[in-house]
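Residue numbers start from 1 in every chain, and the chains themselves are labelled A, B, ... in the order their sequence lines are given, proteins ahead of strands.
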Protein chains: 2
Amino acid sequence: MATRQQVAERAGVSVAVVSYVLNNRKIVKEETRRKVLEAIRELGYRPNQTARSLKTKQTRQIAVLIHYIGNPFEAGLLLHIEATAKRHGYFIFVQTYEPAREEELRAMLIGRVDGVLLLGHALAAESLDDFRALGIPVVSAMQPADGAADASTDGTAGGTTGEAGLPSIDVDWQPAMRRLIRHLREQGHTRIAFMTDATPGSPLGVRAAAFASALGDEGLTPATSPLDGGGRFERARETLDDRLATQPAPAFTALVCANDLMAAGCLAACRDRGRRVPQELAIAGCEDILMSSQTDPPLTAIHYPRQAAGEQAMEMLLAAIAKTPIAGARLPGELIVRGSTSIR
Amino acid sequence: MATRQQVAERAGVSVAVVSYVLNNRKIVKEETRRKVLEAIRELGYRPNQTARSLKTKQTRQIAVLIHYIGNPFEAGLLLHIEATAKRHGYFIFVQTYEPAREEELRAMLIGRVDGVLLLGHALAAESLDDFRALGIPVVSAMQPADGAADASTDGTAGGTTGEAGLPSIDVDWQPAMRRLIRHLREQGHTRIAFMTDATPGSPLGVRAAAFASALGDEGLTPATSPLDGGGRFERARETLDDRLATQPAPAFTALVCANDLMAAGCLAACRDRGRRVPQELAIAGCEDILMSSQTDPPLTAIHYPRQAAGEQAMEMLLAAIAKTPIAGARLPGELIVRGSTSIR
DNA sequence: TTGTAGGCGTTATCAT
DNA sequence: ATGATAACGCCTACAA
């Protein structure tokens, strides 16, 4: 690979001049400029990004910590996160986040990224401290699990920062959940259960909390303790299948799932067990991925505005990197009613 | 951020010793080693990856060029690509590949990655030359579109390198397509159409070619020229909807789609138009994503072994980076028969 | 066993 | 308008 030094020699100038040309400084004599450009072309020279980063102390690289990229919801978020980053000249690292290897991950990230974008993970306090000390901003798309109680922090509805002080973008779950619950009541349901991912620190914890709270607001109590669907299709399917097998008449007539993948899994379980949806069991999800519109019956879901969330989360991170004041946001989650909760 | 220099001072040694400790060289006296480790801990020192890369000329970063991450199939591949990379201590850049900005992308990549993993894109020859000159290996998961004719290159069935000389992992499409076509014949179909993404350089081109060829092998001719579904759900839905609207009795009774997203879109179009599947039109896909098993009716599809493909593609790239001889591979594509082509 | 010093390819300051 | 040159943080002969 040709270096700037070589370009300089070939053009018969100093390295500084090459830099001037590269940075489009207008102080260079036109003829010199031509010579330099010529040399660059001949040598096929490209500035080395690593060297540049070392000097400028910015990498224009960002880490996005994913939970499970096999979930089309997260992939959809990533789509817009990446597009926004690219638009600003940033590169995206995708890392599947494993809590057990957080230490290791942190070490790998040092000096490699200008910022970190979480997808609702609860990062260890030490990690947060570490990043703060290094001046690496961390923001989150989806409110981190630990920040569930942050409404009290700033007094605004829902709040936009978690306990850990991370700005985040997320759906304003509580009102959305209330709309969903009201819809279910209209369909005659009062015994409503929730399925979540019970793993500590799961991004779905926030939704579970919002559901519980919204249920209370609507004057209901949970029909049963939350089911654990592990956040994935197969786990959810098995969990509900177990329930249906052991309880001929389950304690609930409607089931809200913290994500669509689990809702689809529950639909499959009902099919396997011959339970009619929504007649015997109504099912709803929380993201409205493409798949949800194509299942049999199609799934009712709270729509998660992925484009807005992905873009805003990245803009927020970029602003933080640029040391500009930033604030999180809560987006409205529209209720999409389909056949899994409504007959007509 | 603490530097190695500071650690050295604090431990009362030279910078070299710190390096020795960091790289686990056993030449350091145990006591010195302890002191250094202590200093590292106290200062919270982490080696700067950028500086290290500049010196060692390897970044342990790899770029993965994605077509459309919104497609669960690509996301599924990425899942295993990323896991494999991580296992080997490599980081993954995800970049949505835009042909129009290839030049720009190339420049951004210089000095930033040790290798490039394509997802079946046809890269410009100059890019390939560029990477070759830089010693940056390029491999592809999914056979690049331009390599469709490479069977003649090495004489083996299907071949494993494209025209551009890129090693690739892919399903062995032709036998898989033949199985699918035979299945459709058994269901009484002889007028079989194909839907693809007609964009030049699309990764789906290979599948289209394999279908055409397999159709001939089975003694059939295409029922119509390939439909263009753009590779996505909505485009496919619109394309088929147009057909169904203008042709009361379409020229085909079965439709094979180059990916599942398009197949699902076609299913939706049939539902919109009140065409029964499979009675009036049989539909099949080519990847077997989760969604395909949950549609109404569920979709027949050629199963693409994503885990094997993702892992092998990354292993291949890693081997190339390590300057080890490498070879592509063709994986078997199992036919999964479901309700969209079969009634019972 | 430990220290010195010369790069790696840029950027940017300060002369000229 | 252009040229020298000192960092940036790390690696690694080579010396001591």
Side-chain angles (χ1 to χ4, degrees), chain A residues 1-37 39-40 43-61 89 107-114 134-136, chain B residues 1-37 39-40 43-61 107-114 133-136:
Chain A
M1 185 64 197
T3 73
R4 202 184 44 159
Q5 178 66 50
Q6 293 170 37
V7 173
E9 279 164 20
R10 174 137 195 151
V13 300
S14 80
V15 287
V17 176
V18 181
S19 276
Y20 298 151
V21 172
L22 252 25
N23 300 337
N24 275 318
R25 292 232 218 157
K26 322 204 61 184
I27 56 173
V28 186
K29 206 197 306 174
E30 184 52 33
E31 193 198 325
T32 319
R33 181 185 151 76
R34 248 203 40 262
K35 275 194 303 188
V36 171
L37 255 17
I40 288 178
L43 269 49
Y45 166 79
R46 314 274 181 173
N48 180 312
Q49 299 297 334
T50 300
R52 164 182 264 266
S53 291
L54 179 59
K55 185 65 190 175
T56 61
K57 305 209 157 298
Q58 53 159 355
T59 60
R60 298 197 83 89
Q61 296 178 171
M108 302 280 303
L109 253 25
I110 304 292
R112 231 182 200 146
V113 298
D114 296 342
L134 290 164
I136 297 179
Chain B
M1 184 63 197
T3 73
R4 201 185 44 158
Q5 178 67 51
Q6 294 170 37
V7 172
E9 278 164 20
R10 175 138 195 149
V13 299
S14 81
V15 287
V17 175
V18 181
S19 277
Y20 298 150
V21 172
L22 251 26
N23 301 338
N24 274 317
R25 291 230 217 162
K26 321 205 62 183
I27 55 174
V28 186
K29 206 199 303 179
E30 185 52 32
E31 193 199 323
T32 318
R33 184 184 148 78
R34 248 202 41 259
K35 275 193 305 189
V36 171
L37 256 17
I40 289 178
L43 268 50
Y45 166 79
R46 313 275 180 173
N48 181 312
Q49 299 297 334
T50 301
R52 166 181 264 267
S53 291
L54 180 59
K55 183 65 191 178
T56 63
K57 304 208 157 297
Q58 52 159 357
T59 59
R60 298 197 81 90
Q61 295 178 173
M108 302 280 303
L109 253 24
I110 303 294
R112 236 187 196 144
V113 297
D114 297 341
L134 290 164
I136 298 179

Stepwise side chain to side chain donor-acceptor pair (under 3.5 Å) check, Gln58(B) with Arg52(B)
CA-CA 8 Å; Gln58(B) 52 159 357; Arg52(B) 166 181 264 267; over 6 Å; no
Heavy atoms only, 4.0 Å cut-off, all strands: where does Val15(A) land among base, sugar-phosphate and nothing?
base
Reckon Arg46(A) touches a base, only the sugar-phosphate, or nothing at all at heavy-atom distances under 4.0 Å?
sugar-phosphate
Length of the NZ-C1' vector between Lys29(B) and dT1(C), whole Å:
7 Å
From CZ of Arg25(B) over to C1' of dC10(D), roughly how many Å is that when rounded to an integer?
13 Å
Counting just side-chain N and O atoms, does Thr3(A) come under 4.0 Å of either OP1 or OP2 of dG9(C)?
no
With side chains defined as the heavy atoms from C-beta onward, is the minimum distance between Arg33(B) and Asn24(B) less than 4.5 Å?
yes
Look at the side chain of Lys55(B) against the base of dG7(C) and say whether a donor-acceptor pair falls under 3.5 Å; ignore hydrogens and angles.
yes
Are the side chain of Thr59(B) and the backbone N or O of Arg112(B) linked by a donor-acceptor pair below 3.5 Å?
yes
Check: Arg60(B)/Gln49(B) side-chain N/O donor and acceptor closer than 3.5 Å
no
Distance below 4.0 Å between Arg52(B) side-chain N/O and dC11(D) OP1 or OP2
yes
Starting from C1' on dT2(D), measure out to CD1 on Ile27(A) and report it in whole angstrom.
8 Å
Establish, with yes or no, whether the OP1 or OP2 oxygen of dG9(D) is under 4.0 angstrom from a side-chain nitrogen or oxygen of Lys57(A).
yes
When you measure from the side chain of Tyr45(B), which nucleotide among dT2(D), dC10(D), dT4(C) comes out closest?
dC10(D)
According to a strict under-4.0 Å criterion, is Thr32(A) in side-chain N/O contact with OP1 or OP2 of dT2(D)?
yes
Over how many whole Å does the gap from Tyr20(B) atom OH to dT1(C) atom P extend?
12 Å
From C-beta outward on Val13(A), which listed nucleotide comes closest to its side chain: dC8(C), dG3(D), dG3(C)?
dG3(D)
Atom CD of Gln5(A) to atom P of dC8(C): distance rounded to whole Å?
10 Å
Provide, to the nearest angstrom, the distance between the CG atom belonging to Leu22(B) and the P atom belonging to dC11(D).
7 Å
Phosphate OP1/OP2 of dC11(D) contacted by Thr56(B) side-chain N/O (<4.0 Å):
no
Closest to the 5' end of DNA chain D, once Ala16(B) and Leu54(B) are matched to their nearest nucleotides, is Leu54(B)
Rounded distance (Å) that lies between atom P of dG7(C) and atom CG of Asn48(A)
18 Å
Under 4.0 Å, counting only non-hydrogen atoms across every strand here, what does Arg4(B) touch: a base, just sugar-phosphate, or nothing?
base
Glu9(B) CD to dC10(D) C1': how many Å, rounded?
15 Å
Side chain to side chain donor-acceptor pair (under 3.5 Å), that's the test. Do Arg4(B) and Ser19(B) meet it? Break it down for me.
CA-CA 8 Å; Arg4(B) 201 185 44 158; Ser19(B) 277; 2.5 Å; yes
